[in-house]
2 protein chains.
Amino acid sequence: MTETRVTKKNLERFICRVLSTNGLPEDDACTIAELMVTADLIGQDGHGVFRLAQYVKRLKAGGINPKPVFALAEEFPASAVLDGDNGMGHLVMNHATDIAVAKARQTGVAWVGSRNSNHAGPASLYAMKALCEDMIGLYVAVGSANHMPPWGGTDMLLSTNPIAVAIPAAERPPIVLDMATTVAAYGKVKTAAQRGEMMPEGWMIDRQGNPLLDPTKSAEGFLLPIGGPKGYGLSLVFGILAGVLNGAAFGRDVVDFNADSQSKTNTGQFILMLNIAAFTDPAAFRSSIDDVWDEMKSSQRLPGIAEIRLPGERLDATLKDRSVNGIPLPAALLAVLDDLADANGVARLERQAAPA
Amino acid sequence: MTETRVTKKNLERFICRVLSTNGLPEDDACTIAELMVTADLIGQDGHGVFRLAQYVKRLKAGGINPKPVFALAEEFPASAVLDGDNGMGHLVMNHATDIAVAKARQTGVAWVGSRNSNHAGPASLYAMKALCEDMIGLYVAVGSANHMPPWGGTDMLLSTNPIAVAIPAAERPPIVLDMATTVAAYGKVKTAAQRGEMMPEGWMIDRQGNPLLDPTKSAEGFLLPIGGPKGYGLSLVFGILAGVLNGAAFGRDVVDFNADSQSKTNTGQFILMLNIAAFTDPAAFRSSIDDVWDEMKSSQRLPGIAEIRLPGERLDATLKDRSVNGIPLPAALLAVLDDLADANGVARLERQAAPA
């Protein structure tokens with residue numbers, strides 16, 4: 001597949017003009033653009049500009065409010081529930097994260113949940129905002145479509161409900177865990193289908209409980225949780241914490257945002273911020289995380305294993321590469337973005353890959 | 001295997017007199033006894049009175065301080081680090097949980113970590129203290145022995161690092177998730193060895209990466225994480241949050257408390273309390289959790305599945321049975337407890353099973 005590299009700045013400007021022309025205030029459009037491009041920079045290709053056409057479809061169909069008015073539905077010294085007024089999820093959770101950082105600075109820890117939010121991109125995006133604040137970030141979302149039944153069941157009542165945790169180091173890359181509670185995220189199933197590949201056993205089963213290996217038949221089955229009933233339990237409690245507790249959608253109320261562009265999703269998420277200074281000296285802590293890195297890295301290895309990896313290691317390498325060399329976009333996606341530009345009457349995405 | 005049922009009260013009194021005669025103040029001994037018996041009541045048989053002989057061994061060897069003086073090493077409005085002065089882990093985390101509840105009442109959410117703590121029984125014990133407070137509890141511990149390498153490695157640098165989350169319902173039992181980040185907890189391996197059973201594939205591998213099925217050879221291999229690299233990532237970040245952040249042991253510094261009764265373990269844990277009233281009306285929330293229960297329960301089922309279960313359902317049934325009918329103890333454990341009584345010069349555990 002041919003790929004073209006585009007610069008961070010060009011991609012941000014492109015997303016910003018597409019969103020602006022669809023009714024978002026320019027400041028908001030640019031905030032979202034920056035977050036979406038960060039998703040691409042850190043290698044979360046399924047959660048960055050890839051989603052732009054879908055967001056525009058929802059904006060045009062009235063499924064997302066382009067000019068939300070945020071309000072704190074509940075507030076305590078260390079917690080809050082932010083009502084996102086059905087705005088873009090990136091805006092809602094970006095604001096929620098800012099509130100959590102400000103509160104945790106005072107209180108040591110803070111937890112801010114959202115209701116009436118929307119798909120906000122990859123979970124790591126908000127957890128990682130902790131890294132420049134000498135904080136640890138933890139983010140959980142109710143996924144934007146149900147792909148999993150309760151353990152032993154066949155009704156799809158649960159989503160992949162991902163968790164992200166970001167922990168700053170000193171000289172080493174930060175530790176960033178970003179994982180679905182299912183063995184495979186649904187995006188991986190879509191990617192396998194696009195590539196014409198079979199899925200490994202363990203990703204999905206069909207309604208008889210047999211392994212489902214053909215990703216083009218994914219509608220006939222469902223994703224499997226990690227660790228069987230344990231992953232089911234994690235998805236359930238994360239869904240309650242990010243959804244039910246905030247008055248957001250959970251279970252049968254979750255709208256499949258792939259299939260329905262008009263209905264309000266009432267997506268729920270939460271961000272937790274831990275102020276490291278409330279626990280220990282931040283510089284000493286960061287240095288301890290370097291030690292953890294080195295200790296894990298230097299473990300003896302199983303036969304055939306070239307290297308021990310830490311969560312966030314690939315993300316960091318991708319971020320460094322793409323910040324310098326640009327973001328690779330496949331030809332098919334570029335064609336979609338050109339069509340989107342033409343349909344919305346804005347300039348197409350500039351191609352030159354040289355760093356700005 | 002023959003079993004005898006003993007009453008809650010008799011078991012508490014027995015544990016209390018064994019601990020008292022080993023130097024603990026009677027109040028502390030009774031607090032610990034109550035927590036240990038609760039572990040047995042909720043069916044966490046590997047974490048209740050089963051551990052008493054081991055605790056006594058550590059107390060006699062000087063590995064645990066019978067009269068700790070607790071101090072808050074750090075404190076912010078919504079967070080604290082409790083230094084347990086190498087006291088019994090139950091006492092440390094019981095106190096930490098009380099602090100977290102009091103803080104969350106004011107601030108909405110609170111996070112209290114521990115250092116210089118010890119093995120504190122099952123994770124659910126402390127998370128469940130939320131249930132009577134209209135709160136949600138979340139507990140994580142650094143396990144008391146390393147049983148897992150980083151993904152792809154062979155050096156055992158990580159423990160099973162369990163998580164527990166307890167969420168109150170109205171009429172239904174509470175949702176209580178209590179899980180190791182490994183496919184099997186190490187206690188299950190020990191149980192299989194005692195019973196002369198083989199382990200299923202997927203629990204452990206040997207140093208060549210091959211499945212290890214014979215539990216008597218568990219020293220030749222290690223536990224596998226749930227979801228492969230995902231469970232490794234969870235164990236790692238939970239270990240950092242419960243260990244490194246609190247100045248407690250992690251990685252190579254973790255003392256194997258099964259093999260070593262003298263060395264201070266510097267165990268780390270944390271408890272997070274969410275005050276439901278800071279998010280929504282607690283009664284309405286509890287009622288929503290009933291709805292979640294009913295929704296999951298009523299899912300269509302895979303062929304051969306008789307019933308959908310919720311996390312905490314078996315725990316609740318066990319608690320109700322044992323509270324009325326007594327706690328079943330196998331003959332082998334009763335013999336150990338009798339020996340312990342004789343060696344410590346205290347009265348043996350009373351056998352009659354009738355409810356007090």
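To find a chain, count down the sequence lines: A is the first, B the second, and so on, and within it residues start at 1.
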- prompt: Which answer fits A/D291, side chain, backbone, both or neither, if we ask what part of it has an atom under 4.5 Å from a heavy atom of chain B?
  reply: neither

- prompt: Which residue out of A/I240, A/T181, A/N275, A/I136 racks up the most heavy-atom pairs below 4.5 Å with chain B?
  reply: A/I240

A/L241 and B/L274, any side-chain heavy atoms less than 4.5 Å apart: yes

statement: Per-residue tally against chain A (heavy atom, under 4.5 Å) across B/P303, B/G227, B/P229 peaks at B/P303

task: Check whether more than 12 heavy atoms from other residues, nucleotides or ligands sit under 6.0 Å from atom NZ of A/K188, and answer yes or no.
output: no

Per-residue contact mode, A/L224 against chain B (heavy atom under 4.5 angstrom): neither

- request: List the atom of B/G108, the atom of A/F76, and the distance in Å for their closest heavy-atom pair.
  value: N-CD2, 3.5 Å

query: Atom CH2 of B/W111 and atom CE of A/M273: how far apart are they, to the nearest 0.5 Å?
result: 12.0 Å

Contact origin within A/Q106 toward chain B - heavy atom pairs under 4.5 Å: backbone

query: Does any heavy atom of chain B fall under 4.5 Å from the side chain of A/R115, the backbone, both, or neither of them?
result: side chain

- request: Indicate the atoms forming the closest heavy-atom contact of B/K230 with A/V183, along with that distance.
  value: NZ-O, 3.3 Å

Heavy-atom proximity to chain B below 4.5 Å, by part of A/L245: both

- line: When every non-hydrogen atom of B/S288 is compared with those of A/V244, the smallest separation belongs to CB-CG1, 3.7 Å

- prompt: Looking at B/V237, B/I163, B/V81, which one has more heavy-atom pairs under 4.5 Å with chain A than the rest?
  reply: B/V237

query: What part of B/A80 lies closer than 4.5 angstrom to a heavy atom of chain A: side chain, backbone, both or neither?
result: backbone

- prompt: Where on A/A277 is there a heavy atom nearer than 4.5 Å to chain B: the side chain, the backbone, both, or neither?
  reply: backbone

Between A/L138, A/I205, A/V165, A/T280, the one whose heavy-atom pairs under 4.5 Å with chain B are most numerous: A/V165

Top of A/A180, A/G113, A/G239, A/G312 for chain B proximity - count of heavy-atom pairs under 4.5 angstrom: A/A180

task: State, to 0.1 Å, how close A/M296 and B/F250 come at their nearest heavy-atom pair, and which atoms those are.
output: CE-CE2, 3.8 Å

field: Shortest non-hydrogen contact from A/F279 toward B/S79
entry: CZ-CB, 4.0 Å

task: Heavy-atom distances under 4.5 Å only: say whether B/A73 touches chain A with side chain, backbone, both or neither.
output: neither

- request: Give, as side chain, backbone, both or neither, the part of B/L272 having an atom under 4.5 angstrom from any heavy atom of chain A.
  value: side chain

message: Out of A/E75, A/E74, A/R207, A/Q300, return the one with the most heavy atom pairs under 4.5 angstrom to chain B.
response: A/Q300

message: Counting heavy-atom pairs under 4.5 Å with chain A, which one of B/L177, B/T154, B/I305 comes out on top?
response: B/T154

- line: When the 4.5 angstrom heavy-atom criterion is applied to A/D206 and chain B, the contacting part is backbone

task: Quick one: which of B/L236, B/N246, B/L158, B/I289 has the most heavy-atom pairs under 4.5 Å with chain A, could you say?
output: B/L236

- request: Quick one: pull up CG in A/L157 and OG in B/S298 and give me the separation to the nearest 0.5 Å.
  value: 7.5 Å

query: When you measure from the side chain of B/S299 to the backbone N and O of A/D155, does any donor-acceptor pair fall under 3.5 Å?
result: yes

message: If we define contacts as heavy-atom pairs under 4.5 Å, which of A/A278, A/A110, A/G233 has the most with chain B?
response: A/A278

Interchain contact, A/L234 with chain B, by part (heavy-atom threshold 4.5 Å): both

query: So which part of A/F222 gets closer than 4.5 Å to some heavy atom of chain B, the side chain, the backbone, both or neither?
result: side chain

message: Given 3.5 Å as the limit, does a donor-acceptor pair link the side chain of A/E295 with the main chain of B/R252, or not?
response: yes

message: Name the residue from B/V292, B/L310, B/I308 that meets the side chain to side chain contact (heavy atoms under 4.5 Å, CB included) definition with A/P150.
response: B/I308

- prompt: Do any N or O atoms from the side chain of B/Q208 and from the backbone of A/L302 form a donor-acceptor pair under 3.5 angstrom?
  reply: no

